[in-house]
Structure formats: C-alpha cells, structure tokens
Amino acid sequence: MLISLTGFSRSDVYPTGGKPTGMGNAFVSQYNEFSVFHNQAGLAEFDKTSVSIFYENRYLIPQMSMRAIMLTLPTSGGNFAFQFNSFGPSEWAESNIGIAYSRFLTKKLSAGVQLNYFGSKLPEVNNTAMSASFEVGAIYHITEKTFWGIHLANPVSPAINTTMYRSEIPWRFTLGGHTRFTDDFILSYEIEKIETHQPFLKMGVEWQATQGVFLRGGVNTSPVKFFAGFGYHTQFMKLDAAFSYHNYLGYVPSISLIFSFF
C-alpha cells in the first residue's frame, strides 16, 4: 500500500551580500549597500550612486544558486535603491523585484521602506504566480559607537495563489545592534524570528587588518551555522567574499561586488 503526500511551499532564501554573510548576517543596524536586504534604513547614509551584484551557491548545488543586482541612487530628499534577485533554475525560479526609500529623520534616527513584487515560476503550467508585500525598518544611534536596528518584512504574509495550492511568504522580524569597540573592530548581534521557525541568534565580527582589507566571522543558532569572509575595499570598488558552513548540508560560498561612481 502506497501513500502519496504532496507539499507546496516557497523557500525563505533571500540575498544577503558578501559582507553581511561574512558576519553571520547580523546586519540589521549597519549602513551598507546590501542593507536593501537586511534593513532599508541602512541605505540612508550614502552619497554616491552605486551598482552591486551578488552570487551565492547553496551547498555547492548549481540548481540552488542565488543571483542579485542592485542600483542605489542618492537624492537631496532621501536615497533610493532598486533590486532584482532570483533563486533556482529558470524552470522553477523564485524572483523578487523591489524598490526602497530611506532617509535620516533626525541626526540619530534613519528609517526606510521597501515595496516588493514576488514571482514563482510554475513549471507544471508554464506560468508565473505573483504577489506583493513591503518591508520597513529603522536604525538609531544609541551612542557614538553603538547602533540599534529593527526590521519587519512581509508583515501580512502575502500569499501566492495558483489553481492547485496557496503558498504564503513568511513574515520576518529582526532586532539587534552593533558596537564599534575600536576603529578597527566591530561586534554585531541580533535576534531574528521567521514565521515558520523558532527565534535564533546571529552574531558577527569584523576586523580591519590593514587599510582596505577586512576579516570577518560569525555564527548562528537553531540550526548552528558558522560564517567567515574577507573584504577588499578601494575608493571605487568593494569586493567581499564569504562562506557559511552547516554541519549536515555543507558549504555555501558567496561573493559580491559594489562599484561606486560619483
């Protein structure tokens, strides 16, 4: 006797960036181009137009690759960012297009919002199911060296409906901060809760070994994952590479490039 069970779901995989990955993705309170995926309030500090690309290969399986491209555009009334990312092969790829806006509300408080448009390729009907949602976040300067951030994504758990099933995109809530103990050393820490998972802790460190060269490390709980990475930054380009390690599933290498123009 055979019993057939069918499960339908959308992954909670999303882009992170080379620097955030190297720090265990404990990034909710930091200012960086890839804050567009962690906390849009972190986009408020930029005064240069930039183009960023990101690639990640989950557990060294080609069909589980993540690609992302992003444009940041500063203006006198706040900063904008446009991003596109895709996960998986073209036959069943999950994609996301987003537009973000961020600015400083006071000297110590920045806030940001992002509108997202999700797509899931359905190979069985050769069609793409779509849905929309938003994210909001804020960063506050507690002291000169300590920052705190808060971020909420998909608060209404938007659904992707097809003729066969209904799949909800889980909400994600993050709270944490980072402290710059010296000019060369940062400790980052946060708690994240995803609707379908138990809360877990993320911690990361960054050490500037010399001018333009950075070494990073991090750890997550539930499940335990370890992270490491490095960065090489110049005035016009940032190269960040990292990998994470899961005890059972293996390695996840990633790399990102950021080009700043003017």
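Owing to the predicted nature of the structure, the values given are computational and were not obtained by experimental measurement. Hydrogens, waters and symmetry mates are skipped; everything else that's a heavy atom, side chains included, is used.
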- How about His233 and Asp240: does a side-chain donor come under 3.5 Å of a side-chain acceptor? yes
- Does some side-chain heavy atom of Phe227 sit less than 4.5 Å from a side-chain heavy atom of Asn220? yes
- Side chains of Gln83 and Asn96, donor plus acceptor under 3.5 Å: yes
- Message: Treating Arg67 as the side-chain partner and Gly88 as the backbone partner, does any N or O pair qualify as donor plus acceptor under 3.5 Å?
- Response: yes
- hydrophobic_cluster_shared for Leu152 and Ile139, side chain cutoff 4.5 Å: no
- Message: Measuring only between side-chain heavy atoms, which start at C-beta, is Ser52 closer than 4.5 Å to Phe34?
- Response: yes
- Any donor-acceptor pair under 3.5 Å from Glu190 side chain to Val28 backbone: yes
- Short side-chain to backbone donor-acceptor contact, His38 and Thr16, under 3.5 Å: yes
- Message: For the backbone of Asn116 and the side chain of Ser133, can you confirm whether one donor and one acceptor N or O come within less than 3.5 Å of each other?
- Response: no
- Report the C-alpha distance between Arg172 and His151 in whole Å, list the side-chain angles of each, state the deciding distance to 0.1 Å, and finish with yes or no for side-chain contact (heavy atoms from CB on, under 4.5 Å). CA-CA 8 Å; Arg172 188 174 75 251; His151 179 252; 3.9 Å; yes
- Query: Under 3.5 Å, side chain of His246 to main-chain N/O of Tyr248, donor-acceptor pair present?
  - Reply: yes
- May I ask you to decide if Val224's main-chain N or O and Thr221's side chain share a donor-acceptor pair within less than 3.5 Å? no
- Message: Checking Ile169 against Phe118 for the side-chain contact (heavy atoms from CB on, under 4.5 Å) test, could you report, in this order, the C-alpha distance in whole Å, the side-chain angles of both residues, the deciding distance, and whether it holds?
- Response: CA-CA 9 Å; Ile169 300 173; Phe118 299 98; 3.3 Å; yes
- Query: Is there a side chain to side chain donor-acceptor pair (under 3.5 Å) between Ser50 and Ser260 once you walk through the steps?
  - Reply: CA-CA 4 Å; Ser50 67; Ser260 301; 5.0 Å; no
- Task: Answer with yes or no whether the hydrophobic clustering places Ile150 together with Tyr31; edges join I, L, V, M, F, W, Y residues whose side-chain heavy atoms lie under 4.5 Å apart.
- Result: no
- Query: Is it true that Lys238 and Glu33 make a salt bridge, defined as a side-chain N closer than 4.0 Å to a carboxylate O?
  - Reply: yes
- Query: Linking I/L/V/M/F/W/Y whenever their side-chain heavy atoms sit closer than 4.5 Å, directly or via other members, would Ile255 and Phe230 fall into one cluster?
  - Reply: yes
- Message: Checking Asn32 against Phe27 for the side-chain contact (heavy atoms from CB on, under 4.5 Å) test, could you report, in this order, the C-alpha distance in whole Å, the side-chain angles of both residues, the deciding distance, and whether it holds?
- Response: CA-CA 9 Å; Asn32 184 271; Phe27 217 70; 3.4 Å; yes
- Message: Could you check whether any side-chain N or O of Ser102 sits under 3.5 Å from a backbone N or O of Ala44, counting only pairs where one atom can act as donor and the other as acceptor?
- Response: yes
- Residue pair Tyr55 / Ser65, side-chain donor-acceptor N/O under 3.5 Å: yes
- Task: Find out if a path of hydrophobic residues (ILVMFWY) with successive side-chain heavy-atom gaps under 4.5 Å connects Ile142 to Tyr189.
- Result: yes
- Does one hydrophobic cluster hold both Phe82 and Phe259, with members joined at side-chain heavy-atom distances below 4.5 Å? yes
- Message: Determine whether Gln208 and Glu206 satisfy the following criterion, side-chain contact (heavy atoms from CB on, under 4.5 Å), listing intermediate values before the conclusion.
- Response: CA-CA 7 Å; Gln208 184 173 351; Glu206 179 183 73; over 6 Å; no
- Task: Classify the angle between the aromatic ring planes of Tyr101 and Phe80 as parallel (below 30°), tilted (30 to 60°) or perpendicular (above 60°).
- Result: tilted
- Query: Counting heavy atoms not belonging to Lys193, are there more than 12 under 6.0 Å from its NZ?
  - Reply: yes
- Message: For a salt bridge (charged side-chain N to carboxylate O under 4.0 Å, His left out) check, start with the C-alpha distance between Lys202 and Glu192, then their side-chain angles and the critical distance, and finish with the verdict.
- Response: CA-CA 8 Å; Lys202 300 188 287 185; Glu192 183 171 88; 3.2 Å; yes
- Query: Does the Lys19 side chain pair with the main chain of Met23, one donor and one acceptor, at a distance under 3.5 Å?
  - Reply: no
- Given side chains that start at C-beta, do those of Phe46 and Asn79 come closer than 4.5 Å, heavy atoms only? yes
- Kindly say whether the aromatic ring centers of Tyr245 and Phe226 come within a distance under 6.0 Å. no
- Short side-chain donor-acceptor distance under 3.5 Å, Ser95 and Ser86: no
- Query: Quick one: does Ser29's side chain have a donor or acceptor within less than 3.5 Å of a partner on Trp148's backbone?
  - Reply: no
- Item | More than 12 heavy atoms from other groups under 6.0 Å of CG on Asp183 | no
- Report yes or no: do Thr179 and Thr146 form a side-chain donor-acceptor pair below 3.5 Å? yes
- Crowded around Leu71 CG? As in, over 12 foreign heavy atoms under 6.0 Å? yes
- Query: With no hydrogens and no angle check, is any side-chain donor or acceptor of Thr182 less than 3.5 Å from a backbone partner on Phe185?
  - Reply: yes
